**Q** 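Take this structure, written in structure tokens, and hold onto it; I'll ask about it next.
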There are 2 protein chains.
Amino acid sequence: MKYKRSERLVDMTYYLLNHPHQIVSLSCFSERYGSAKSSISEDLAIVKQSFEMQGTGFLKTIAGASGGVTYIPTMSKGEASKLLTNLISQLSQAERLLPGGYLYMTDVLGRPQYVNAIGRMIATVYASNGVDAVMTMETKGIPLAYAVATQFNVPVVVVRRISKVTEGSTVSINYVSGSSKRIQTMVLPRRSLIPGSKVLIVDDFMKAGGTMKGMINLCNEFETEVTGIAVFVETKEEKPKLINNYQSLLRLSITEQETALKIENGTIYKNFTH
Amino acid sequence: MKYKRSERLVDMTYYLLNHPHQIVSLSCFSERYGSAKSSISEDLAIVKQSFEMQGTGFLKTIAGASGGVTYIPTMSKGEASKLLTNLISQLSQAERLLPGGYLYMTDVLGRPQYVNAIGRMIATVYASNGVDAVMTMETKGIPLAYAVATQFNVPVVVVRRISKVTEGSTVSINYVSGSSKRIQTMVLPRRSLIPGSKVLIVDDFMKAGGTMKGMINLCNEFETEVTGIAVFVETKEEKPKLINNYQSLLRLSITEQETALKIENGTIYKNFTH
């Protein structure tokens, strides 16, 4: 089957979107379309140009024998701004307040178009950090973690509160929940993480950061490096936080009587410069 | 900013992949690229042709004033066959056997490229059913449910074993676990499902089908219609199953002493005809 340039461009875009952060060799495309490598190079220049025009990512070219291209998905400042504004307006209704200073977000985090966009936003900020795995705490953080991991094409490891029979032997640590001050246990299957790998921690909600701190300790226990920490919503009141160097998409403040709430941009937006 | 055809093709592909099962009007593209609708129509014919050549989906054209195109993502028979073969070889090691007739799948289901491909496979089979929401049981089924829901661009509803404070008021039902015969409770927040909507139920593992049956009852409780049931791995031994009309990707059999296992194609593959 012989492909025209126009058909190659469509399929190449499809292929690259499905293989982010992976080196794709010129030979791979050359064989896929029965075309000369010189034509493929020209095609890729067009793809690169179009991605950069829309701010949907960039193509990194790797020269040499094992050379090729790597697609790095990103989000433009314009899209990031629109997404955050949209999320703030969705989440700012007073009836979302739940007992204990929590926020009802199940509907928003149940919609893949939001979750995937949030994942792309977080991945943009950590695009050049090197990420080998994404870690989260069950259960609300799981969809966000997969959305981020999809962008990096790396595995997700889910930390659990109790050990499940389906997971084999596990490593467990105790941690102190920052807001409730209770001692809790978190576990991770022994075979989930390779020592030396770089871990990006992702979660949906953070008060003082006790759970996050527990996950950092767990990463140390597995001799891995925490390469980043991102949370969807953090609370403004609980201070000081038990952790540093994290990014939040949104920041929630609640009045003392828990009758009104305010949601504003967190720290992540300032990372988007163009 | 003026786009050339080649740049439009790349961005159009990107846009359609991110908006599956949604009507995109010709005007939307026409404004996005500052191009005449006639040019956009020609572009879309090329995109359609390329998608169909690779079996990565098809474009449905909707005529009239509110007309446009809808991208229906699909998987080709060739890709489905490769995916199932790959999964069978990954999961067929005897050391994956866990006490109680379970299978260690955490590593495979932790990899987004598998999860997203499984999601695309399930979505292909139910592409023309009409799906308004995807339902799953916490926690292992969650990534699969999001992968399927992403393809349909519909929300995910996660059924839980206990009511969480962050979810507001809930509806709960009791069900009998098919294999352990224990009475258990499942709950769903009251605001999660709209009466009359079509629900696709997705889960990672099924023995007799007690949990699935519980989810079907829950759908009835919410006055919704079950439009499909798909499971990643079902066991071959537990019979009869408590439910009908489901699709499984893989089927697991275990020897009586639980020392060896066999994994083979489930029911889903026969749905792929080209």
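Chain A is the first sequence line, chain B the second, and so forth, proteins listed ahead of strands; every chain is numbered from 1. Bear in mind that the values here come from a model prediction, so they are computed numbers and not experimental data.
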**Q** Is it the case that the side chain of Arg161(B) and the backbone of Met137(B) share a donor-acceptor pair, with hydrogens and angles ignored and the cut-off at 3.5 Å?
**A** no
**Q** With a 4.5 angstrom heavy-atom cut-off, which part of Asp107(B) approaches chain A: side chain, backbone, both or neither?
**A** neither
**Q** Among Val10(B), Thr13(B), Thr150(B), which residue has the highest count of heavy-atom pairs closer than 4.5 Å to chain A?
**A**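 Ranked by heavy-atom pairs under 4.5 Å with chain A, first place is Val10(B).
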**Q** Relative to Tyr104(A), does Arg191(B) satisfy both conditions: NZ or CZ under 6.0 angstrom from the six-membered ring centre, and within 45 degrees of the ring's axis?
**A**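 Checked: cation-pi criterion met.
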**Q** Would you mind checking which part of Val115(B) comes under 4.5 Å of any heavy atom in chain A, side chain (CB onward), backbone (N, CA, C, O), both or neither?
**A** side chain
**Q** Using the benzene-type ring in the case of Trp, are the ring centres of Phe58(A) and Tyr71(A) under 6.0 Å apart?
**A**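 When the ring centroids of Phe58(A) and Tyr71(A) are compared, they turn out to be at least 6.0 Å apart.
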**Q** Do Tyr14(A) and Tyr14(B) have their ring centres less than 6.0 Å from each other?
**A** no
**Q** Any idea which of His19(A), Lys4(A), Glu7(A) has the most non-hydrogen atom pairs under 4.5 angstrom with chain B?
**A** Glu7(A)
**Q** Could you tell me if Lys207(A) sits above the aromatic ring of Tyr102(A), with its cationic atom closer than 6.0 Å to the ring centre and no more than 45 degrees from the axis?
**A** yes
**Q** Among Leu109(B), Leu16(B), Val134(B), single out the residue with the greatest number of heavy-atom pairs under 4.5 Å to chain A.
**A** Leu109(B)
**Q** Sort out for me which of Val154(B), Thr56(B), Leu9(B) touches chain A most, counting heavy-atom pairs under 4.5 Å.
**A**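 If we count pairs closer than 4.5 Å to chain A, Thr56(B) comes out on top.
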**Q** Counting heavy-atom pairs closer than 4.5 Å to chain B, which one of Val157(A), Ile46(A), Asp43(A) comes out on top?
**A**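 When all of Val157(A), Ile46(A), Asp43(A) are compared, Ile46(A) has the most.
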**Q** Would you sort out whether Lys140(A) and Asp203(A) count as a salt bridge (Lys or Arg N to Asp or Glu O under 4.0 Å), showing the intermediate values?
**A** CA-CA 8 Å; Lys140(A) 294 295 180 70; Asp203(A) 212 348; over 6 Å; no
